[in-house]
Trainee: 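Here it is: the structure, laid out below.
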Amino acid sequence: MNGLTPDERRERLEALAPDLLAELEAEDEEDERTLPDLPNADGYDEIRMRAAPNPNGPWHLGHGRMPAVIGTYKELYDGWMLCRFDDTDPETKRPDLDAYDAILEDVEYLGFEPDEVVRASDRLETYYDHARELIGMGGAYTCSCSGEAFSELKNAGKPCPHRDKDPETTLREFEAMVDGEYGAGEMVLRVRTDIEHKNPALRDWVAFRVVDTPHPREEAAAYRCWPMLDFQSGIDDHLTGITHIIRGIDLQDSAKRQRFVYDYFGWEYPEVLHWGKIQVDEYDVKLSTSTIARLIEEGELDGWDDPRAPTLASVRRRGIRGAAVTDAMVDLGLSTSDVDLAMSSVYANNRELVDDEANRYFLVRDGVEKAVVGGPEAGEPPLHPDHEERGRRRIPVGGAVRVEAEDVPPNGKRVWLKGFGCVRHTRDAFEYAGDDIDAVREEGVDVIHWVPADGAVPVTMRTPDGDVTGRAEPDFAETEVDEVVQFERVGFARVDAHGEDGSVVYFAHR
RNA sequence: GCUCCGGUAGUGUAGUCCGGCCAAUCAUAUUGCCCUCUCGAGGCAAUGACCGGGGUUCAAAUCCCCGCCGGAGCACCA
């Protein structure tokens, strides 16, 4: 039984005990679900969720959790997913025009496709209309207090002088905000909540403010009066029929704030779930859009897909499948406490996905040259140990080979050049010592990888720990760009480019 | 200062709502062995956790209280 592949075992089991098999598979399904059931899922005809990124830069690894979890729920419940760009801050978190598409590509990379994509900056008139309505109901007032002055009053639970302004005045002043008659900081629109609410975070929060800096999107560049996240997102969630919101604990109070608006409108608030902060091990670079952007700016990193950058673009370039990232994210579950994502779990997922298809090649990092005396003209290791049918590579020896320095055996000792045969290290050369595999099986001779001294392909391997140079066997030149290969005893890598003076690969993991 | 959350092995997670079948699940990690012409894959095994203290109970990871630790909000950021 041990010699069988999983598929063969499955067949055998199906023949012998179909009931048992069904039971096992049911358990498997069960095990894969680390995500908790969505609250009150039965209360809705369709589960509708949204990923609401701020397109102020390309995504780092942590952002992947949003589409991974939301997309997985969408699949689990056969639901609907919106990607809404919450790009309502043209200044502090200024949108990056390239990020919109980059983010959508990342979502696709992770294995999901939004059913609809919208940009908040296209929807300003909608927010204005709702603001007018809210003002009409007495739910908001324009306020010209300075941030500090208001904060002081608010913390004391005291209303500011503008709080009892009548709706007509408020509406007039709000229209003036919209018409650009105020400069930044001169006037805001506040939601009238409960100025004595025991949680100071909920008291009369700002719904709209004036921003002098034009929005980078041409379509939105004329607007000066911008909604704050809690207003915009609250309105949009209702208007797009969102049933379940999943967001970070940094937005823990958002629902509580937005409920005041929902109450004014008589709307039902969606179900809300939160997750905590995510950190990723194995990187020197902080998981932060601004930090990564700065390092790129300073030239410390080559770009968002630099292998040292903890970004989705980077792991993608390294040949890591989106599904490996998605699965690792889903395995983190929905915990409101901080979590550390171990990259090793992403790697383990990915290894499982690519091992079977990745053909094997030799890459010798730097290394030393040794003349080879005797033996065949070439070594012929298989392209894949589990797939003889894929054929073999041909590695001509040409009189000398290059091996990694630490693989050179002590003088007089033997080593097995994989796919070629056994050699003995004598007087600074490798002397052919036969092709009896018992040397490896019975006598404990180590098997190592090697390349010919002449005709090997120079390779730059970019890794999260910096660049590594080496030489790959001649056949490596035949690989396709984008192909994921395994350099035996080194690790998996994605072929990035084949050039005149060599190839570039991106290292994935061992 | 005010207001919310949360704390199970190195990491993540199941179990907590409805106490017992939990001397605590699974994955990853690490180590060892088997297998293999790779340090990959596969197989086997080992390592390793209920934040602390009280209480309730025949019985507590699970319920209650008090601590401790960690996180978040109180922005004209998202």
Side-chain angles (χ1 to χ4, degrees), chain A residues 1-6 30-34 36 52-56 86-89 91-94 120 143 145-147 150-151 154-155 157 184-190 197-203 205-211 226 228-230 232-233 247-254 256-257 274 276-277 279 281 289 327-333 335-349 351-352 354-356 358 360 362 379 381-382 384-386 416-422 435 437 439-441 445-449 486-492 509-510:
Chain A
M1 204 68 189
N2 283 346
L4 301 179
T5 67
E30 198 85 3
D31 285 348
E32 278 166 30
R33 274 188 159 196
T34 45
N54 178 344
N56 66 333
D86 284 352
D87 55 348
T88 54
D89 181 0
E91 200 168 87
T92 320
K93 290 203 169 159
R94 188 170 175 79
C143 167
C145 291
S146 72
F150 185 84
S151 175
K154 179 206 69 185
N155 287 333
E186 289 175 8
M187 189 67 81
V188 298
L189 182 74
R190 290 186 185 281
H197 197 285
K198 65 172 182 168
N199 184 348
L202 311 188
R203 298 171 188 164
W205 45 274
V206 173
F208 285 83
R209 86 295 206 183
V210 174
V211 181
W226 286 92
M228 301 291 288
L229 173 81
D230 282 320
Q232 172 265 120
S233 147
R247 57 181 159 215
I249 40 163
D250 49 331
L251 266 23
Q252 257 175 139
D253 291 333
S254 268
K256 293 171 191 160
R257 277 198 275 256
H274 294 101
K277 202 168 59 187
Q279 298 184 93
D281 67 359
T289 305
D327 290 349
M329 291 294 177
V330 168
D331 283 344
L332 294 180
S335 155
T336 56
S337 42
D338 290 2
V339 291
D340 278 352
L341 172 66
M343 282 307 288
S344 62
S345 73
V346 174
Y347 298 156
N349 290 342
R351 200 175 289 123
E352 200 174 321
V354 301
D355 182 62
D356 193 65
R360 270 54 172 171
F362 290 156
H384 191 114
D386 305 332
W416 185 281
L417 299 182
K418 185 166 180 173
F420 173 76
C422 201
D435 65 349
I437 194 62
V440 172
R441 289 190 180 151
V445 171
D446 288 335
V447 176
I448 66 165
H449 58 288
Q486 189 209 50
F487 289 124
E488 298 197 61
R489 307 211 304 141
V490 175
F492 293 89
H509 48 74
R510 293 194 69 145

Trainee: Please name the nucleotide paired to rC2(B) by Watson-Crick or G-U wobble geometry with both distances under 3.5 Å, or report none.
Mentor: rG73(B)
Trainee: For V447(A) and D281(A), take the nucleotide of RNA chain B holding the closest heavy atom to each; which residue's nucleotide lies nearer the 5' end?
Mentor: D281(A)
Trainee: Taking atom C1' in both rA27(B) and rA49(B), what distance in whole Å separates the two?
Mentor: 15 Å
Trainee: Let's see if you can work this out: which of rC74(B), rG6(B), rA78(B) has an atom nearest to the side-chain heavy atoms of P200(A)?
Mentor: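 For P200(A), the side-chain atoms sit closest to rC74(B).
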Trainee: Base, sugar-phosphate, or nothing: which does C145(A) touch, judged by heavy atoms less than 4.0 Å apart?
Mentor: base
Trainee: Closest approach to the side chain of R360(A), judged atom by atom: which nucleotide of rA78(B), rG6(B), rG40(B) is it?
Mentor: rG40(B)
Trainee: Figure out the NZ/P separation between K198(A) and rU3(B), and round it to whole Å.
Mentor: 7 Å
Trainee: Please determine whether a side-chain nitrogen or oxygen atom of R351(A) lies at a distance below 4.0 Å from atom OP1 or OP2 of rU28(B).
Mentor: no
Trainee: For rA72(B), does either OP1 or OP2 sit under 4.0 Å from a side-chain N or O belonging to T336(A)?
Mentor: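 For rA72(B), OP1/OP2 do not have a side-chain N/O of T336(A) under 4.0 Å.
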Trainee: For a quick check, tell me whether the side chain of K418(A) and the base of rC37(B) share a donor-acceptor pair closer than 3.5 Å.
Mentor: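 Side chain to base: no pair present.
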Trainee: Once you round it to whole Å, what is the distance between P of rC77(B) and CG of L229(A)?
Mentor: 11 Å
Trainee: Between K154(A) and rC74(B), is there a side-chain N or O to OP1/OP2 distance below 4.0 Å?
Mentor: no
